[in-house]
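Below, chain A is the first sequence line, B the second, and so on; all start at residue 1.
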Number of protein chains: 2
Amino acid sequence: MDKHLDKIFAALADPTRRTILNMLLEDDMAVTDVAEPFEMSLTAISKHLIVLMQAGIISQEKRGRVKWCKLEPDALRDASIWMQSFGQLEAINLEAFESFLHQELEKDTTVTF
Amino acid sequence: MDKHLDKIFAALADPTRRTILNMLLEDDMAVTDVAEPFEMSLTAISKHLIVLMQAGIISQEKRGRVKWCKLEPDALRDASIWMQSFGQLEAINLEAFESFLHQELEKDTTVTF
DNA sequence: TGCATATTCAACCAAATGGTTGACCGTTCG
DNA sequence: CGAACGGTCAACCATTTGGTTGAATATGCA
């Protein structure tokens, strides 16, 4: 059926990969730099990055001899929508929306409904 | 690190298990009834249900010789929060929040920030 | 040119996953 | 009681997953 969701959820099921995503949240990174904090071979990290890329959660672009990894947060949308179909997540959306609101207010932006 | 998230995402990564969750969205079901539409042994489905239970996404309660399976949608909260930390899901949150707001307004409740 | 750096490839391994089958156990019912 | 039903257990199997190591490739730099 929905192999795309398979890949996204499977990619997120590994703690190393979730940590990598958190790192990429800060900034784009080269493969070697992603691997640095882990007690694991560069090859292993390279494989994790491939899994994330095949799930569409990150993209990789080679510039010179360096391959840059970039978060593609939009890819999580389908999975997020799927999860929200199970309802009873309104409270969370509220929290998330409130923090979003606060950010916007700090930017002195008018928010209207 | 966060083994709970590991289990939730891994549980969601299988299409059979996601289909089961969709079925349970309708109503609580006995193990045999869950298994009925699948071209797969009862044992296999039983195992899938154990995976879902160990992830906390469903609960199982035995009454007589029948084991009833029940959705526990709150369990998806952690995973949903984690995913939302990747931002750029505001559009979705906004939609969800708006429908939440509409519900609240229909209840004639004052919503303030 | 020649060396260092960045990354992947290939082969291998152990453990986990998703499935099967047949025997088993507890419960209900004629 | 004894048979049928609901479900699990145990053993097994093939495939996938997450990791290793050593060699290979490609780029940058002195």
Side-chain angles (χ1 to χ4, degrees), chain A residues 1-24 27-71 79, chain B residues 1-24 27-71 79:
Chain A
M1 291 278 166
D2 198 339
K3 289 217 166 192
H4 185 214
L5 277 186
D6 286 25
K7 285 187 182 173
I8 290 183
F9 283 129
L12 296 179
D14 184 278
T16 301
R17 287 193 290 263
R18 288 200 307 277
T19 302
I20 290 174
L21 292 180
N22 270 317
M23 292 163 59
L24 291 177
D27 205 354
D28 300 354
M29 295 179 82
V31 173
T32 304
D33 295 332
V34 170
E36 196 272 328
F38 295 96
E39 292 180 342
M40 187 184 304
S41 70
L42 181 60
T43 303
I45 297 296
S46 179
K47 285 186 185 176
H48 280 304
L49 290 169
I50 288 171
V51 171
L52 288 170
M53 197 185 52
Q54 286 178 343
I57 309 177
I58 69 168
S59 59
Q60 292 185 297
E61 183 198 355
K62 196 169 181 182
R63 283 204 296 275
R65 60 181 169 180
V66 175
K67 198 175 210 173
W68 293 91
C69 305
K70 182 180 182 306
L71 208 57
Chain B
M1 293 277 168
D2 199 338
K3 289 217 166 191
H4 185 213
L5 277 186
D6 287 25
K7 286 187 182 173
I8 291 183
F9 283 129
L12 297 179
D14 184 278
T16 301
R17 288 194 290 263
R18 288 200 308 277
T19 302
I20 291 175
L21 292 180
N22 270 318
M23 292 163 61
L24 291 176
D27 204 355
D28 299 354
M29 295 179 81
V31 174
T32 304
D33 295 332
V34 171
E36 196 273 328
F38 294 95
E39 290 180 343
M40 189 184 303
S41 71
L42 181 59
T43 303
I45 296 297
S46 179
K47 284 186 186 178
H48 280 305
L49 290 169
I50 287 172
V51 171
L52 288 169
M53 198 185 52
Q54 287 177 343
I57 309 178
I58 69 168
S59 60
Q60 292 185 298
E61 184 197 356
K62 196 169 180 183
R63 283 201 297 274
R65 59 181 168 180
V66 175
K67 197 175 210 171
W68 293 91
C69 305
K70 181 181 182 305
L71 207 58

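If you take CD on A/Gln60 and CG on A/Leu49, they are separated by 5.5 Å, rounding to the nearest 0.5 Å. Note: B/Ile8 CD1 to B/His4 NE2 = 3.5 Å, rounded to the nearest 0.5 Å. The CG atom of A/Leu12 sits 9.5 Å away from the CG atom of B/Leu12 when rounded to the nearest 0.5 Å.
For the pair A/Met29 CE and C/dA6 P, the computed distance is 13 Å after rounding to whole Å. Atom CG of A/Asp33 is separated from atom P of C/dT7 by 7 Å (rounded to the nearest Å). Atom pair A/Asp6:CG and C/dG18:P shows a separation of 10 Å (rounding to whole Å applied). One interatomic measurement links the two molecules: CG of B/Leu52 to P of C/dG18, which rounds to 10 Å at whole-angstrom precision. We find that CD of B/Glu39 is positioned 19 Å from P of C/dG18, with the value rounded to whole Å. Remark: C1' of C/dT21 and CD1 of B/Ile45 are 16 Å apart, rounded to the nearest angstrom. Atom CD of B/Gln54 is separated from atom P of C/dG18 by 12 Å (rounded to the nearest Å). Rounded to an integer number of Å, the gap from B/Asp14 CG to C/dA16 P is 18 Å.
Shown here are the side-chain contact (heavy atoms from CB on, under 4.5 Å) partners of A/Lys70, two or more places apart in sequence or in another chain: A/Asp28, A/Ser59, A/Glu72. Evaluation of the side-chain contact (heavy atoms from CB on, under 4.5 Å) rule for A/Gln54 yields A/Ile50 as partners, not counting sequence neighbours. For B/Ser41, there are no side-chain hydrogen bond (donor to acceptor under 3.5 Å, both in side chains) partners, not counting sequence neighbours. Looking at residues two or more places apart in sequence or on another chain, you find a side-chain contact (heavy atoms from CB on, under 4.5 Å) between A/Val51 and A/Ala11, A/Arg17.
Taking 4.0 angstrom as the limit, B/His48 places a side-chain polar atom (N or O) nearer than this to OP1 or OP2 of C/dG19.
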Can you name the atoms? Protein N/O to nucleotides 26-30 of chain C N/O, anything below 3.5 Å, with the distance.
| from | atom 1 | to | atom 2 | distance (Å) |
| --- | --- | --- | --- | --- |
| C/dT27 | O2 | B/Arg65 | NH1 | 3.2 |

Could I get a table of every N or O pair under 3.5 Å where one atom is in the protein and the other is in nucleotides 8-15 of chain D?
| from | atom 1 | to | atom 2 | distance (Å) |
| --- | --- | --- | --- | --- |
| D/dT8 | OP1 | B/Lys67 | NZ | 2.7 |
| D/dT8 | OP2 | B/Ser46 | OG | 2.3 |
| D/dC9 | N4 | B/Thr43 | OG1 | 3.2 |

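Of the residues B/Ile58, B/Ile20, B/Asn22, B/Asp27, the one that meets the side-chain contact (heavy atoms from CB on, under 4.5 Å) test with B/Leu71 is B/Ile58.
Contacts of A/Ala30 with the nucleic acid, taken as non-hydrogen atoms under 4.0 Å apart, involve only primed sugar atoms and P, OP1 or OP2.
At least one donor-acceptor pair under 3.5 Å links the side chain of B/Thr19 to the backbone N or O of B/Pro15.
Heavy-atom nearest nucleotides on DNA chain D were determined for A/Val51 and for B/Trp68, and the one closer to the 5' end corresponds to B/Trp68.
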